[in-house]
Student: 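One structure follows; several queries about it will come next.
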Amino acid sequence: MIKTEKNDTRAFRILVVEDDPAFSRIIQKILQGFDLAVETVSSGAGALDLLAGGGAYNLLLLDYYLADMTGKGIVESQAYQNNRVPFIVMTASQDAKIAVEMMKLGAEDYLIKDEGFRDLLPMAVLRAAAQSSLEKRLREAEENLRESEIRFQSIMDNTTAVIYVKDKEGRYTFVNRRFEKLFHVSNKDIVGKTDHDIFPKDKADAFRANDIKVMKTGVSLEFEETVPQDDGMHSYISIKFPLFGPNGAINAVCGISTDITQRKRIEEELRKLSHAVEQCPVSIIITDTMGNIEYANPKFTQVAGYTLEEVMGKNPRFLKSGKTSQEEYKQLWDIITSGGEWRGEFHNRKKNGELFWELACISSIKNANGDITHFIEVKEDITEKKLEEEKERRQREMLRHADKMVSLGTLAAGVAHEIQNPNNYIILNAPFLDRIWADAKPLILAAAKIEDRKKLAGLPIEETIKAFDRLTSGILKGAERIKGIAAGLQNFACKDLSGLEEEVDVKKAILYATDLLESLIKKNTRRFKISIGDLPRIKGNRLKLEQAMVNLIMNALQSLTRPTQKVEVNAARDQDSGRIVIKIMDTGRGMDLETLRRITEPFFTTRQASGGTGLGAPIAYGIIKDHGGDFKVESKPGKGTTVTVALPV
């Protein structure tokens, strides 16, 4: 019959094999109070069944003499051998032979069932329990050590680093699988060999020198080492550290070497790229995704005039000159944030305030996932190119204008010549006709009265007389008008490009024009103002410049509709360009875009009713261009006009 303690889940389990129920109870009572799980069985067969069934017992209390077999039989049974459990033999016999025999079979103790049994049993059981616990811990430690060794070996064999151990004499004692694969030598075969057995002498000498440094210093050191492999020379970062023996002395060196060949190649490529960017003849800027500068190459700082420290963290918009619209910037941003590439021109401002042109290409930089991480801006300074283009444009414009003027001049000369002869006839005879009419008019009136004539030329005589008065005076005025137009045509046709080498005082030319127009100024405005700074002399033609100033100031005066409107003439030297800038401003009628577009077109005028010929502005424009200057007109209807003339010094 099997009896089992209720609490059989405790750490140390005891199976009592005893066929005497009374003694079995005594054993349980003796062990009561200890943290033990006690289970009893009354026969050898029952014990073998429990052991064969996989019962997890830590100790057997085995009565030697059982009704069905001896304790020796249980110990020797195959079932027990497959599940060896420590055991203590109990017997009433004091047969030394049995005791020796059971101790040889591995008994933990041999107890005699006498008066000392009650004291000896707990000691023997606790000693066995302690021994079992120690053995268990040792087994666990051994298992953990084996697992650690397996993990360590797995790490050693699967790491991409080369790992090796050498003794004090430089002989290899261990290499990992990576070492074996790269250098075609097994861990077994390399033991006892040195670097000189595997590598070229110069490399082996270098490795040995580094190992000696580690042993001398007694600390971990880092080296960059090169070694030949199948595909060429490779670079490694080697971390080498000493290994200490039980006595605290260094007895070996361990090395962990990581292949950095690819990294070195990338670093070299980056170095070349960095050098190329640093030496690049165009400006390069790299910004974050918010547009803030993280890098700018020396060319950028050279062109813009800012130091790298001044621009770091700033947005490139601080260079804006105001020449690029917000719509253009928005379009740029939309393109690059969507991963596209923007190309265009910027008219930016340097640190010193100077304006310059740049041809820019802006695109995004993406990571391996395709996410935008930065923007790169490559810009070429095209200021000189722009200036050259503008110079060529002005030259083409001047040539076109010159061709136009030559053609118009030829036409004007012919027209003026053809008009002048018949017009001179009219001018010469109109006064005579007027005198004839003055004498004939009383006679006509007297004859009409005598004849009682009421009409003449189909009209009442009084009206006919008045009409003829207007005709005679109008003929002369019209002829004088034709004469003025012809004179203007002749002046226009006789344009002379020579004589531009005299020293001209521009200030005097402007003052001469205002003196000449004094009466017209007083007639048209009470608000005429002139301001002239210190101006250098220029190469040119004084008479022609005076004519240009007269024409431009006269046009301004004739645009006024009331005396309260003003005309201002300002002249000064521009500090940036060095040129003389003359501004003639009025607050008169102003011009619409179509009129403004045709302002330098000969014979185009909006003042035909008041005698305008349409030659004043074109002649002035031609004179300014002949002097290598710029001519600009700005105007708005009802707001007035500003003519800006820029003359080179």
Student: Quick one: does any side-chain atom of Thr525 pair with a main-chain N or O of Ile521 as donor and acceptor, under 3.5 Å?
Tutor: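 Pair absent, no side-chain N/O of Thr525 close to backbone of Ile521.
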Student: Any salt bridge linking Lys385 with Glu345? Criterion: basic side-chain nitrogen under 4.0 Å from a carboxylate oxygen.
Tutor: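 No, this pair does not count.
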Student: Does a salt bridge link Lys522 with Glu518, judged by any charged N lying under 4.0 Å from a carboxylate O?
Tutor: yes
Student: Mark yes when over 12 heavy atoms from residues, nucleotides or ligands other than Tyr512 sit less than 6.0 Å from its OH; otherwise mark no.
Tutor: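 Count not over threshold, so no.
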Student: Salt bridge or not between Lys351 and Glu310? Use side-chain N to carboxylate O under 4.0 Å.
Tutor: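 Result for this pair is yes, salt bridge flagged.
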Student: Out of the candidates Thr642, Asp586, Asp592, Thr641, only one should pair with Ser635 under the side chain to side chain donor-acceptor pair (under 3.5 Å) rule; please name it.
Tutor: Thr641
Student: Rounded to the nearest 0.5 Å, what's the gap from CG on Leu520 to CG on Leu560? Could you check?
Tutor: 9.0 Å
Student: Determine, for Glu546 against Lys544, whether the closest basic-nitrogen to carboxylate-oxygen distance falls under 4.0 angstrom.
Tutor: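 Looking at Lys544 together with Glu546, the answer is no, because their closest N to O distance does not fall below 4.0 Å.
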Student: Donor-acceptor pair, distance only, cut-off 3.5 Å: does the side chain of Arg178 make one with the backbone of Val162?
Tutor: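 No; zero donor-acceptor contacts below 3.5 Å.
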Student: Taking the side chain as every heavy atom from C-beta outward, state whether Val567 and Met585 have any atom pair closer than 4.5 Å.
Tutor: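 Not touching, per the 4.5 Å side-chain cut-off.
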Student: Less than 6.0 angstrom from the centroid, inside 45 degrees of the normal: does Lys625 satisfy that with respect to the ring of Phe631?
Tutor: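 Negative - Lys625 is either too far from the ring of Phe631 or too far off its axis.
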Student: If you measure only the distance, is there a donor-acceptor pair under 3.5 Å linking the side chains of Thr587 and Gln565?
Tutor: no
Student: Distance-only criterion, 3.5 Å: show the donor-acceptor pairs between side-chain atoms of residues 358-365 and protein atoms not counting sequence neighbours.
Tutor:
| unit_1 | atom_1 | unit_2 | atom_2 | d |
| --- | --- | --- | --- | --- |
| Glu358 | OE1 | Asn348 | ND2 | 3.1 |
| Glu358 | OE1 | Lys379 | NZ | 3.1 |

Student: Within the side chain of Arg589, is there an N or O that forms a donor-acceptor pair under 3.5 Å with the backbone of Gln558?
Tutor: yes
Student: How many angstroms lie between atom CD1 of Ile510 and atom CG of Asn570, to the nearest 0.5 angstrom?
Tutor: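 It is 9.5 Å, given to the nearest 0.5 Å.
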Student: Would you find more than 12 non-hydrogen atoms of other residues, nucleotides or ligands less than 6.0 Å from Met290 atom CE?
Tutor: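 12 or below, so no.
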Student: Working note: Leu273 + Glu269, criterion side-chain contact (heavy atoms from CB on, under 4.5 Å); need CA distance, chi angles, decisive distance, verdict.
Tutor: CA-CA 6 Å; Leu273 177 61; Glu269 291 300 320; over 6 Å; no
Student: Measuring from Thr159:OG1 to Ile256:CD1, what's the distance to the nearest 0.5 Å?
Tutor: 8.0 Å
Student: Could you check whether any side-chain N or O of Thr595 sits under 3.5 Å from a backbone N or O of Met591, counting only pairs where one atom can act as donor and the other as acceptor?
Tutor: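 Looks like no, no N/O pair under 3.5 Å.
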Student: Please answer whether the main-chain N or O of Val282 pairs with a side-chain N or O of Asn297 as donor and acceptor at a distance below 3.5 Å.
Tutor: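 Between the backbone of Val282 and the side chain of Asn297 there is a qualifying donor-acceptor contact (under 3.5 Å).
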Student: Can you confirm whether Asn541 sits close enough to His627 that some side-chain heavy atom of one is under 4.5 Å from a side-chain heavy atom of the other?
Tutor: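 Yes - at least one pair of side-chain heavy atoms lies under 4.5 Å apart.
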Student: Of all the heavy-atom pairs spanning Ile335 and Ser338, show the shortest one and how long it is.
Tutor: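 Closest approach of Ile335 to Ser338, heavy atoms only: O-OG, 2.8 Å.
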Student: Should the heavy atoms of other residues, nucleotides or ligands under 6.0 Å from CG of Asp534 be counted, would the total exceed 12?
Tutor: no
Student: So, Arg579 and Asp630, do they make that salt bridge, N to O below 4.0 Å?
Tutor: yes
Student: For Gln547 and Ile623, run side-chain contact (heavy atoms from CB on, under 4.5 Å): C-alpha distance rounded to whole Å, both residues' side-chain angles, the deciding distance at 0.1 Å, then the answer.
Tutor: CA-CA 9 Å; Gln547 181 184 352; Ile623 292 171; 4.0 Å; yes
Student: Quick test of your reading of the model: are Glu268 and Arg271 salt-bridged, counting only N-O distances below 4.0 Å?
Tutor: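 Arg271 and Glu268: salt-bridged.
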Student: For the pair Ile580 and Ile582, evaluate side-chain contact (heavy atoms from CB on, under 4.5 Å) and give the outcome as yes or no after the intermediate values.
Tutor: CA-CA 7 Å; Ile580 294 174; Ile582 305 167; 4.1 Å; yes
Student: Any luck finding a side-chain donor-acceptor pair between Lys203 and Thr226 under 3.5 Å?
Tutor: yes
Student: Please lay out, stage by stage, how Thr644 and Lys583 fare under the test side chain to side chain donor-acceptor pair (under 3.5 Å).
Tutor: CA-CA 5 Å; Thr644 303; Lys583 289 183 179 290; 3.2 Å; yes
Student: Might you confirm whether atom NZ of Lys386 has over 12 heavy atoms from other residues, nucleotides or ligands at distances under 6.0 Å?
Tutor: yes
Student: Once you round to the nearest 0.5 Å, how far does OG1 of Thr287 lie from CD of Glu294?
Tutor: 7.5 Å
Student: Short question: side chain of Arg542, backbone of Val504 - any donor-acceptor pair under 3.5 Å?
Tutor: no
Student: Roughly how far, to the nearest 0.5 Å, is CD1 of Ile336 from CD of Gln331?
Tutor: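 The CD1 atom of Ile336 is 11.5 Å from CD of Gln331, to the nearest 0.5 Å.
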Student: Show your reasoning for whether side-chain contact (heavy atoms from CB on, under 4.5 Å) applies to Lys264 and Ser235.
Tutor: CA-CA 8 Å; Lys264 292 274 286 184; Ser235 296; 4.2 Å; yes
Student: Would you mind reporting whether Val649 and Leu647 have side-chain heavy atoms less than 4.5 Å apart?
Tutor: no
Student: Would you compute the distance between atom CH2 of Trp357 and atom CD1 of Ile382 and round it to the nearest 0.5 angstrom?
Tutor: 7.5 Å
Student: Quick one: list whatever passes salt bridge (charged side-chain N to carboxylate O under 4.0 Å, His left out) with Glu389, sequence neighbours left out.
Tutor: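 Salt bridge (charged side-chain N to carboxylate O under 4.0 Å, His left out) list for Glu389, sorted by chain: empty.
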Student: Within the side chain of Asn292, is there an N or O that forms a donor-acceptor pair under 3.5 Å with the backbone of Asp288?
Tutor: no
Student: Kindly state whether the ring of Trp342 and the ring of Phe375 have centres lying under 6.0 angstrom apart.
Tutor: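 No, the ring centres sit 6.0 Å or more apart.
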Student: Check the pair Lys240 / Glu225 against salt bridge (charged side-chain N to carboxylate O under 4.0 Å, His left out), numbers first and verdict last.
Tutor: CA-CA 11 Å; Lys240 296 186 175 183; Glu225 298 176 326; 3.0 Å; yes
Student: Report the relative orientation of the aromatic rings in Phe346 and Tyr329; use parallel for angles under 30°, tilted for 30 to 60°, perpendicular for over 60°.
Tutor: parallel
